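Written below as structure tokens is the structure these notes are about.
For the single chain, residues carry numbers from 1 onward in sequence order. Note that the coordinates shown come from a computational prediction; the quantities given were computed from them, not determined experimentally.
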Amino acid sequence: MKRRFYLNKKDLEEAVEIYFNELREYFLKDEIEYIKTREGINRITALPIIANENVPSYNSSAMDGIAVISKRTYGANESNPIVLEKGKDFEYINTGYPINNPYNSVIMIENIEIIDNEHIQIRSSVYPYKDVRKVGEDICKGEMVFPRYHTLTSSDISFLMMAKVFEIPVVKKMKILLIPTGNEIVKPEKLTEEFQIPETNSLMIKNYLEQFNAIVDINEILPDDINIIKNTIAEKIKEYDLILLNAGSSAGSKDFTYHAINELGKVIIHGINIKPGKPAVLGIVNEKPVIGLPGFPVSCNIIMEDIVKPLILNKTKYEIYYDNEIIEGISAKRIHSSITEKEYLRVGVGKVGENYVAIPLKRGAANISAISKQDGIVYIEKGIEVIEDGEEVSIHLKRNKKLIDNNILIIGSHDLLLDLLADFIKKYDKNINIVSANVGSLGGILSIAKGYSHLAGMHLLDPETGEYNISYIKEYMDDFKLMNLSYREQGFIVQKGNPKKIKDFEDLTKDGIRYINRQKTAGTRILLDYNINKKGISPREIHGYSDEEYSHVNLALKIKKDMADVGLGIRAAANIYDLDFVPVALERYDLLIQDSFLNDKRFELIMNIITSNEFKKEAKKLGGYILNDSGKIWEVVK
């Protein structure tokens with residue numbers, strides 16, 4: 001058989017690009033299978049996964065103590081202790097036990113004075129839901145637990161089980177066959193003749209590839225026989241996603257890999273401008289990759305690292321984690337900690353400009369979502385009471401630093417479109433994650449002004465002009481870039497059938513109406529204050545005005561669970577829980593943009609997504625959104 005020389009060698013980067021482009025149309029597509037969640041460790045989600053249950057699913061005590069009716073504790077202090085009666089004012093409760101009506105707060109056992117079996121004494125008051133782990137604190141039913149292409153860890157599996165997700169869509173593992181070839185190679189255990197070479201590459205290759213979640217089988221050693229090699233490839237390609245042939249890829253008289261692949265399919269690349277590793281053969285048979293690896297171990301290892309590994313990761317979306325690298329960053333928030341204990345603060349991390357920024361995740365021993373979302377940990381040593389925002393911190397990474405460099409930080413007002421955007425981004429680039437913090441619209445402005453985030457969501461109504469956002473931003477920034485993401489319906493979220501007949505803001509003051517509010521920096525809170533001020537209503541007239549939630553979904557959940565009758569929120573949140581909705585306003589939801597992010601390829605990707613028909617179609621399903629078609633960015637100068 002005529003020898004095949006390397007007449008058209010390619011540089012490595014060009015070779016990989018050409019080969020992957022040939023495979024992209026039919027091979028590098030997702031193959032989805034559904035498996036039991038229990039078996040999901042290290043698997044990659046193929047679609048966004050939605051919670052089927054609230055985590056936690058009920059209000060529970062965060063510590064050992066007594067469950068109380070908070071309003072019956074008001075006025076208690078050191079000089080004026082209050083006596084509470086068991087069964088009437090309080091019940092003893094243990095950590096994790098449910099908080100049942102009429103009780104709504106917990107007092108630590110250390111803070112009570114026992115008088116007798118039926119009476120205790122307290123010397124301080126508590127507000128509603130003090131030391132209560134509230135329903136949906138980790139995640140709410142209907143919210144996205146993970147976007148597509150998330151690699152599931154041990155804690156993720158537990159989280160999904162808590163959320164009653166018992167079956168999950170995952171990307172199928174790649175099934176790979178390694179075929180050693182050569183008359184002179186034998187298994188090391190059977191080495192008997194001096195001229196024989198121990199076949200050890202297969203074990204090196206198998207162990208290397210299995211760390212990327214691939215299934216790797218090793219074929220029996222084939223002799224240097226073109227027909228045997230061809231027949232084996234033709235038979236096995238039906239069963240496997242990728243075939244690797246080891247040795248026989250060079251230009252010797254007994255090197256048949258090129259001819260076998262070319263006669264069964266098509267050789268795309270033969271010969272690469274690298275040393276060692278030049279003789280690699282990159283081919284396609286039956287629309288599947290077949291690769292000839294050089295026989296020398298170092299050459300083989302280079303092709304495995306630079307071609308086979310990227311091929312597997314591209315196909316399966318597997319994410320490589322590297323633990324324990326330490327980087328220096330800054331805190332995006334002021335953090336209070338105990339001076340008597342060392343705290344392990346889990347953080348999301350991203351690079352904004354030249355700085356790595358750490359965003360604290362949900363705290364507390366029971367919040368498993370923080371483990372699933374963590375990029376790193378900040379250790380707050382005993383004796384440190386406060387870390388100021390902007391203060392330097394050491395971040396112990398739990399994910400690959402290169403992936404963290406791709407993170408997009410969005411701080412500001414909560415909106416369901418941001419969850420949708422997070423999944424779409426993963427669909428188009430699996431290496432990009434959105435890290436978000438719901439701190440309200442004003443908090444979002446500050447995050448951009450201080451250089452803590454790439455984007456900030458906001459919907460701040462100016463009571464004097466009736467316009468949104470710009471007047472508030474001008475208080476903190478001389479010039480800025482702003483883009484409208486959507487208009488969305490805000491209104492009263494109420495129980496199904498609206499049994500309390502809530503139609504206007506005056507109805508919030510009626511006897512027996514329990515309101516649930518948003519936090520002080522939220523645009524929804526400003527919208528409420530604007531409207532009740534216009535009507536001359538005092539916050540003191542609204543029962544529950546001081547009860548706050550940090551997202552629209554959590555607010556809707558409290559109403560669904562009959563912990564409140566009404567709250568101001570977006571229609572999409574009401575739809576999740578099949579609640580009724582009374583429209584109040586069509587508000588503008590904008591994204592404030594960090595200047596350095598404008599020319600970033602990640603921002604270009606965001607713009608392409610949010611102006612696409614595909615994204616608009618999915619947003620429409622949420623309900624209550626009118627998306628911006630233009631993608632226009634306003635540049636505003638004071």
Side-chain angles (χ1 to χ4, degrees), residues 6 9-23 27-28 42 44 151 171 173-182 185 187-188 197-219 221-222 229 232-233 236-237 240-251 255-258 260-261 267-285 288-322 400 402 431:
Y6 318 115
K9 288 189 297 178
K10 302 290 184 182
D11 291 342
L12 176 64
E13 294 77 11
E14 184 184 6
V16 169
E17 183 179 0
I18 291 171
Y19 191 44
F20 283 22
N21 282 338
E22 288 282 343
L23 291 168
F27 179 74
L28 294 178
N42 289 331
I44 296 90
T151 303
V171 179
K173 290 184 178 182
M174 275 190 73
K175 195 174 180 184
I176 301 171
L177 179 66
L178 172 63
I179 304 176
T181 68
I185 61 172
K187 291 182 178 180
I197 299 173
E199 199 291 290
T200 57
N201 276 358
S202 60
L203 191 59
M204 173 187 73
I205 294 167
K206 177 180 173 68
N207 289 337
Y208 177 76
L209 295 183
E210 284 183 342
Q211 70 179 313
F212 309 125
N213 224 19
I215 300 169
V216 183
D217 294 332
I218 301 175
N219 197 76
I221 298 171
L222 299 185
I229 294 172
T232 302
I233 294 173
K236 299 294 186 179
I237 199 70
Y240 291 90
D241 301 305
L242 165 65
I243 291 180
L244 303 172
L245 293 101
N246 191 217
S249 64
S250 191
D255 291 325
F256 296 125
T257 296
Y258 174 91
I261 295 173
V267 170
I268 308 301
I269 301 289
H270 185 208
I272 301 173
N273 286 323
I274 54 174
K275 184 180 180 179
K278 175 178 67 177
V281 180
L282 310 182
I284 297 173
V285 176
K288 296 179 181 179
V290 179
I291 296 177
L293 302 170
F296 288 125
V298 176
S299 300
C300 175
N301 188 265
I302 288 172
I303 300 304
M304 295 298 298
E305 177 73 28
D306 289 344
I307 296 177
V308 179
K309 170 186 166 185
L311 177 63
I312 294 171
L313 298 184
N314 199 302
K315 171 70 172 174
T316 66
K317 313 302 188 294
Y318 189 70
E319 182 176 331
I320 303 172
Y321 285 82
Y322 291 105
N400 186 331
K402 289 183 179 178
N431 293 319

Please name the pair of heavy atoms, one in Ile218 and one in Leu177, separated by the smallest distance, quoted to 0.1 Å. C-CD1, 4.3 Å
Taking all heavy atoms of Tyr318 and all of Thr151, pick out the closest pair and write down the distance. CE1-CG2, 4.0 Å
Side-chain heavy-atom pair Pro310, Val16 within 4.5 angstrom cut-off: no
Got a sec: does the CD of Gln211 have more than 12 other heavy atoms crowding it under 6.0 Å? yes
Side-chain (Asp11) to main-chain (Glu13) donor-acceptor, under 3.5 angstrom: no
Evaluate the side-chain proximity of Ile205 to Cys300: yes if any heavy-atom separation is below 4.5 Å, no if none is. yes
Asp217 versus Tyr240: any side-chain heavy-atom pair under 4.5 Å? yes
Would you compute the distance between atom CG of Leu28 and atom NZ of Lys317 and round it to the nearest 0.5 angstrom? 7.5 Å
Rounded distance [0.5 Å steps], CG in Leu293 versus CD1 in Ile291: 7.0 Å
Nearest heavy atoms of Leu282 and Ala15, plus distance in Å: CD1-O, 4.4 Å
Partners meeting side-chain contact (heavy atoms from CB on, under 4.5 Å) with Ile18 (sequence neighbours left out): Lys10, Glu14, Ile268, Ile269
Tyr208: which residues meet the ring pair (Phe, Tyr, Trp, His ring centres under 6.0 Å) condition with it, sequence neighbours left out? Phe212
Any donor-acceptor N/O pair, Asn42 side chain to Asn213 backbone, under 3.5 Å: no
Supply the atom-to-atom distance Glu199 CD to Asn246 CG, rounded to the nearest 0.5 angstrom. 6.5 Å
Please name the pair of heavy atoms, one in Ile221 and one in Gly182, separated by the smallest distance, quoted to 0.1 Å. CG2-O, 3.9 Å
Residue pair Leu245 / Val281, side-chain heavy-atom distance below 4.5 Å: no
Got a second to check how far Lys236's NZ is from Ile179's CD1, nearest 0.5 Å? 8.0 Å
Got Ile185 and Asn201 here, is their nearest side-chain heavy-atom distance under 4.5 Å? no
Quick one: does Leu311's side chain get under 4.5 Å of Ile307's, heavy atoms only? no
Pairing residues for Asn301 by the side-chain contact (heavy atoms from CB on, under 4.5 Å) criterion, not counting sequence neighbours: Met204
Side chains of Leu209 and Leu244: closer than 4.5 Å at any heavy-atom pair? yes
Using every non-hydrogen atom in the two residues, find where Tyr19 and Gly283 come nearest and quote the distance to one decimal. OH-O, 2.7 Å
Once rounded to the nearest 0.5 Å, what's the spacing between atom CE of Met174 and atom CG of Asn314? 10.0 Å
Heavy-atom nearest pair, Gly292 first then Thr257, reads CA-CG2, 3.7 Å
Could you tell me the separation between the CD1 atom of Ile243 and the NZ atom of Lys175, rounded to the nearest 0.5 Å? 11.5 Å
Among Ile237, Val216, Ile176, the one residue meeting side-chain contact (heavy atoms from CB on, under 4.5 Å) with Leu242: Ile176
